Protein chains: 2
Amino acid sequence: MSVTIKEIADICGVSHGTVDRALNNRPGISDKTKEKILKIAAELNYYPDFRARSLAKGTTKTIGLVLFDLYNRSFSQLTNAVETESRSKDYLVNLLLTDKCIHSEKEAIENLISRKVDGIILFPINQGEAFESYLTNLNIPIVTICNKLSDKWSFVGIDDRSAMKDAVTYVAGKGYERVVYICPPLAYRHQSNIYTQLERFEGLLAGMQQCGYTEEPVVITEKDYLRALSRIDLKASKTAILCSCDLYALETMNFLKDRNYRIPEDVGLMGFDNIDVLKYISPKLTTVHYNVEEMGFRAVDALVRQLETQTPSSTPLVEYKIIQGESL
Amino acid sequence: MSVTIKEIADICGVSHGTVDRALNNRPGISDKTKEKILKIAAELNYYPDFRARSLAKGTTKTIGLVLFDLYNRSFSQLTNAVETESRSKDYLVNLLLTDKCIHSEKEAIENLISRKVDGIILFPINQGEAFESYLTNLNIPIVTICNKLSDKWSFVGIDDRSAMKDAVTYVAGKGYERVVYICPPLAYRHQSNIYTQLERFEGLLAGMQQCGYTEEPVVITEKDYLRALSRIDLKASKTAILCSCDLYALETMNFLKDRNYRIPEDVGLMGFDNIDVLKYISPKLTTVHYNVEEMGFRAVDALVRQLETQTPSSTPLVEYKIIQGESL
DNA sequence: GTGAAAGCGCTAACAA
DNA sequence: TTGTTAGCGCTTTCAC
């Protein structure tokens with residue numbers, strides 16, 4: 001079907017070793033034969049077979065990227081960045097989504113192992129010692145993003161705890177008396193990796209304490225969080241709704257608009273992530289920004305550095321900052 | 001480094017051919033040895049080497065996906081769908097972005113050729129006879145999406161022309177006297193493939209003619225379209241701004257809000273694509289909807305069918321419909 | 001039921 | 001400067 005070095009060798013009347021020398025400009029070949037071989041190769045539209053090459057060389061120049069999905073804008077921005085940076089470093093991205101299923105994640109990883117990718121960028125959903133030793137036994141460079149596993153793997157992310165602490169401090173500074181916090185179910189903490197969410201939650205509690213709040217936050221972790229929200233008398237005291245991600249905040253904003261709450265006059269609202277579509281939303285959502293593209297770049301950088309130096313490379317946490325909007 | 005069938009063979013005291021029989025439950029092996037081999041393989045954490053297998057079998061179970069970027073929500077929804085569907089069919093996705101650069105696109109394709117993917121899903125940016133014969137010579141199954149190339153390749157998309165025609169007919173039905181149309185530069189039509197945009201534009205013209213508009217639409221194709229828009233007296237006559245994609249419409253909505261135009265009282269606005277973030281936008285944008293996930297599914301289906309049957313398979317166009325919002 | 005060997009397309013070490 | 005060979009890890013055919 002496709003052209004091989006053997007065919008080129010036959011046509012040129014040389015050995016396939018010589019063709020290899022020409023094609024990869026290795027030394028030990030005369031300009032004349034080299035020229036001839038390259039000419040024929042071009043004519044025949046020759047493309048080297050990466051599989052064979054990688055089998056012989058032991059590297060695939062491929063990075064596996066394992067994510068939940070591309071539904072949240074952050075993830076697609078991240079994927080875009082990872083692909084771009086990988087390509088600029090001559091790596092190809094194998095994309096695998098897990099839908100937050102711990103089994104899919106393992107399948108994804110095993111698939112990548114079979115395909116002998118050079119390294120994996122993983123937003124982990126599994127966790128625990130068993131999973132960690134599972135990963136260790138895989139014996140492949142892994143960079144974790146967003147959800148930290150342990151110090152055994154380089155981690156690219158932000159300081160979620162301190163970011164959420166700053167966020168609630170910001171809320172307090174605006175004079176809000178009560179905080180409603182919306183986030184995914186934290187009860188699953190033992191089943192799946194929700195490191196990021198736990199950190200944010202801890203930051204919330206720490207921040208509130210430090211700001212002198214005497215009451216606990218109203219924490220909504222139900223799947224149908226809007227229904228839960230509807231059972232709260234939002235005007236009872238000056239209330240801010242703090243969401244653990246912008247997507248929740250946007251849904252909540254729709255909810256509040258539907259019920260004719262004025263934002264921020266009747267109730268304050270704050271998100272987290274600063275996803276790119278926020279620029280089209282009014283009122284402008286107050287949120288926590290971090291550069292998710294930068295995270296993608298750093299993840300690739302850290303991974304490739306690790307591939308080249310054989311030693312895990314640490315990366316600093318990515319900066320974050322509070323974006324003042326009109327919703328608080 | 002990693003375990004091979006040879007090692008398993010050595011440990012079990014059999015030949016590697018026998019190990020292969022056990023691992024792939026091929027006939028011609030006793031239950032006893034098979035059991036033993038499987039046990040050892042599991043203990044050693046054996047994962048077959050896909051490269052070697054694919055070299056021997058001739059198929060990689062891999063699909064290349066070539067897109068502009070994941071910036072537009074449609075593309076990430078599409079990518080999500082393509083990955084999900086591919087995975088369910090036991091294919092892996094190699095993602096390559098081109099940033100709308102015709103050279104990157106060729107590089108991406110050649111990379112995929114080298115890696116011997118079984119087929120490619122391509123949102124083409126190149127076009128023309130030269131490109132077509134280039135693709136033909138590649139001798140690999142390709143499914144085109146969104147931008148059509150020619151009937152030589154199966155195409156997954158919508159009837160853009162008729163959709164935009166319906167859109168402008170809808171606008172006309174609302175009594176708008178003047179139509180401003182915002183779209184990307186159409187002048188590049190000979191440099192790069194903007195099939196989709198051209199179709200939409202043709203549909204616009206056809207629709208306006210049929211609706212009895214005597215004046216041509218005001219067409220804005222400049223990169224800085226908002227500046228161009230600011231030079232138009234939008235209140236001079238009852239004006240609708242029709243955008244060739246939602247992203248333009250959202251930017252335009254921000255622009256109009258900034259200038260205190262009321263939508264739709266002062267000026268109407270309509271988009272195209274119905275990207276998923278629209279549900280958070282107010283006023284609700286009137287737009288053209290089509291199921292982009294469905295496009296992803298069909299693209300994979302068409303490609304895999306083609307891989308299995310060796311014959312290009314045609315797919316019907318994806319349905320579209322106008323979504324009535326509050327912006328017109 | 002099992003082993004041996006060739007071959008997939010390439011790289012790399014060794015001969016000539 | 002060039003050819004030969006072994007080997008990467010698997011599949012597959014053929015012989016026993």
Side-chain angles (χ1 to χ4, degrees), chain A residues 1-38 40-41 44-62 110-118 139-140, chain B residues 1-38 40-41 44-62 110-118 139-140:
Chain A
M1 184 104 283
S2 44
V3 189
T4 67
I5 51 169
K6 193 170 171 312
E7 290 175 52
I8 297 179
D10 288 349
I11 294 177
C12 296
V14 296
S15 75
H16 71 276
T18 300
V19 174
D20 182 61
R21 276 183 270 262
L23 257 21
N24 297 289
N25 41 151
R26 262 185 266 283
I29 183 173
S30 75
D31 287 353
K32 214 170 94 191
T33 44
K34 181 171 179 177
E35 211 171 294
K36 182 175 168 193
I37 291 170
L38 291 179
I40 298 290
L44 293 183
N45 239 305
Y46 169 79
Y47 295 104
D49 187 321
F50 232 91
R51 300 167 301 177
R53 168 177 293 174
S54 89
L55 207 49
K57 306 228 310 185
T59 166
T60 52
K61 296 300 259 178
T62 304
E110 281 156 20
N111 195 347
L112 293 171
I113 293 294
S114 258
R115 287 164 185 273
K116 296 287 181 285
V117 296
D118 293 333
N139 223 332
I140 185 176
Chain B
M1 181 105 281
S2 44
V3 189
T4 67
I5 50 170
K6 194 172 169 310
E7 291 176 50
I8 298 179
D10 287 350
I11 295 176
C12 295
V14 296
S15 75
H16 71 275
T18 299
V19 175
D20 182 63
R21 276 183 269 260
L23 257 21
N24 296 289
N25 38 152
R26 262 184 268 283
I29 182 171
S30 74
D31 286 353
K32 214 171 92 192
T33 43
K34 181 170 178 176
E35 212 171 293
K36 183 175 167 194
I37 291 171
L38 291 179
I40 297 290
L44 294 181
N45 238 305
Y46 169 78
Y47 294 104
D49 187 320
F50 232 90
R51 300 167 300 178
R53 169 177 293 173
S54 89
L55 206 47
K57 305 224 316 182
T59 166
T60 53
K61 296 298 258 178
T62 303
E110 281 157 20
N111 195 347
L112 293 171
I113 294 294
S114 257
R115 286 165 185 273
K116 295 288 183 283
V117 297
D118 293 333
N139 224 332
I140 185 175

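Please read these numbers as outputs of a predicted model, since none were measured by experiment. Every chain is numbered from 1 and lettered A, B, ... according to where its sequence line falls, protein lines coming before strand lines.
Comparing dC10(C), dT2(D), dG7(C) against the side chain of Y46(A) picks out dC10(C) as the nearest. If you check dC10(C), dG3(D), dC10(D) against the side chain of R53(B), the one that comes closest is dC10(D). In the set dT2(C), dG3(D), dG9(D), the nucleotide with an atom closest to the side chain of S15(A) is dG3(D). Among the nucleotides dG3(C), dC10(D), dG3(D), the one closest to any side-chain atom of V14(B) is dG3(C). Nearest to the side-chain atoms of T33(A) among the listed nucleotides dT2(D), dT2(C), dG9(C) stands dT2(D). Looking at the side chain of L55(B), the nearest of the listed nucleotides dC10(D), dG3(D), dC8(C) is dC8(C).
I5(A) places its CD1 atom 16 Å from the P atom of dT2(D), with the value rounded to the nearest Å. Computed from coordinates, the K57(B) NZ to dT12(D) P distance equals 5 Å when rounded to whole Å. The nearest whole Å value for the distance from the CD1 atom in I113(A) to the P atom in dC10(D) is 14 Å. For the pair D49(A) CG and dC10(D) P, the interatomic distance rounds to 17 Å; values are reported in whole Å. Atom NZ in K61(B) sits roughly 17 Å away from atom C1' in dC10(D) (whole-Å rounding). Atom-to-atom, CD of E7(B) to P of dC10(D) comes out at 9 Å; the value is rounded to the nearest Å. The nearest whole Å value for the distance from the NE2 atom in H16(A) to the P atom in dT1(D) is 20 Å. In this structure, K34(A) places its NZ atom 11 Å from P of dT1(D), rounding to the nearest Å.
Comparing R26(B) and R51(B) by the nucleotide of DNA chain D whose heavy atom lies nearest to each, the residue mapping closer to the 5' end is R51(B). Residue A56(B) is the one, among N24(A) and A56(B), whose nearest nucleotide of DNA chain C lies closer to the 5' end (criterion: closest heavy atom). Between S30(B) and K116(B), it is S30(B) whose nearest contact on DNA chain C lies nearer the 5' terminus.
Residue contacts for S54(A): at a heavy-atom cut-off of 4.0 Å it reaches no nucleic acid atom on any strand shown. Within the nucleic acid shown, P27(B) has no heavy atom closer than 4.0 Å to any nucleic acid atom. Across all strands shown, R21(B) has heavy atoms under 4.0 Å from base atoms, whether or not it also approaches the sugar-phosphate.
Applying the 4.0 Å criterion to OP1 and OP2 of dT1(D), one finds that T18(A) has every side-chain N and O outside that range.
L44(A) is listed as a side-chain neighbour of I11(A), based on a closest heavy-atom distance under 4.5 Å.
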Exercise. Would R53(B) and S114(A) satisfy side-chain hydrogen bond (donor to acceptor under 3.5 Å, both in side chains), going step by step from the backbone distance to the final call?
Worked result: CA-CA 10 Å; R53(B) 169 177 293 173; S114(A) 258; over 6 Å; no
Exercise. Which is it for D49(B) and K116(A) under the side chain to side chain contact (heavy atoms under 4.5 Å, CB included) test, yes or no, and what are the steps along the way?
Worked result: CA-CA 7 Å; D49(B) 187 320; K116(A) 296 287 181 285; 3.7 Å; yes
For this session: Could you please spell out the steps behind the side chain to side chain contact (heavy atoms under 4.5 Å, CB included) verdict for R21(A) and T18(A)?
Result: CA-CA 5 Å; R21(A) 276 183 270 262; T18(A) 300; 3.9 Å; yes
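Classification of K6(B) and D10(B) as a salt-bridged pair holds, one side-chain N sitting under 4.0 Å from a carboxylate O.
If you take CD1 on I29(B) and CD1 on I37(B), they are separated by 4.5 Å, rounding to the nearest 0.5 Å.
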